[in-house]
Amino acid sequence: MKTVLITGASRGIGRACAIAFAKCNYNVVINYLNSEAAALKLHRDLANLGCSSIVYKADVSNSFQVNNMFEHVFSQFGHVDVLVNNAGISQQCLFTDISEEDFRRMIDVNLVGTFNCCKAVLPSMIKRKSGSIINVSSIWGITGASCEVHYSAAKAGIIGLTKSLAKEVGPSGIRVNCVAPGVIETDMNANLSESDKATLADCTPLLRLGTPEEVAGVICFLASDKASFITGQVISPNGGFLI
Ligand code: NAD
């Protein structure tokens, strides 16, 4: 049986990924940082689907915690077939209001977190000559967002990391891809007013925001054998918002 580790899996896109992979018969590692109750509920929900899962608290920006998490997972499931670097934070403010601390935290969680997890999983994937990594960026990492300069920079960094790592580890049989979602209905966008959401939907050719399940579907596809010749790519489920 294959094993997937999903960072930031207790809610939103990460939770939808956990359920989608469980339905594809994967063992699932649910990484979380704060929401223990939500992570444990997901663990129970996956058990009801007949899926084995592990719940593990770790801050992806902390390499010590990440390495301990992977050691634990290797001892339980032997190896990890698929890594989904989903954990992320965002913040909306004027560039002139971004503190150095805000900027560093944004890069640390989104980009260094992705680096830490790739670094922890790759030796074992290289040894097995098999594996798939999916990194979660954003449309703003492609096109840039006003009032989200640090978020856009971190997400653009994830795209660069994906493309270069795909070239480096492709010869070892490992695929590395990226999803760059448009605006998706999750807690990350809870600060948007109904009128902001309506405006964003109006700017989207499909006239609505996306769902976490729609992003999870793309991530599962990229992890699957159906995507066996796809690596180093950025796929953007965005309803046509960015074409
Ligand atoms: P979310 O806020 O619901 O989920 C993010 C998850 O990451 C949370 O569970 C959070 O606890 C976890 N997390 C944050 N910091 C962490 C850390 N240091 N270590 C471990 N976990 C941590 O939002 P979401 O929309 O589900 O976001 C998932 C991913 O999708 C993020 O990378 C986000 O940037 C990206 N994304 C979201 C949207 C959107 O519109 N919602 C669009 C594009 C990209």
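Quick note: residue numbers are just sequence positions, from 1. Note that ligands are numbered from 1 as they come in the structure, with each ligand's atoms numbered from 1 the same way.
- Side chains of K2 and N27: no donor on one and acceptor on the other come within 3.5 Å.
- Following chains of ILVMFWY side-chain contacts shorter than 4.5 Å, one can reach F70 starting from M125, so the two form part of one hydrophobic cluster.
- Listed by chain and number, residues touching ligand 1 at under 4.0 Å (heavy atoms only) are G8, S10, R11, G12, I13, N31, L33, A58, D59, V60, N86, A87, G88, I89, R105, V109, V136, S137, S138, Y151, K155, P181, G182, V183, I184, T186, D187, M188, N189.
- The only option from T162, V169, L122 that meets the side-chain contact (heavy atoms from CB on, under 4.5 Å) definition with I133 turns out to be L122.
- Applying the ring pair (Phe, Tyr, Trp, His ring centres under 6.0 Å) rule to pairs touching residues 123-148 yields W140-F241, sequence neighbours excluded.
- Every side chain to side chain contact (heavy atoms under 4.5 Å, CB included) that A180 has, sequence neighbours left out, goes to S137, I142, V234, S236.
- The ring pair (Phe, Tyr, Trp, His ring centres under 6.0 Å) analysis of residues 40-66, with sequence neighbours excluded, yields the pairs Y56-H72.
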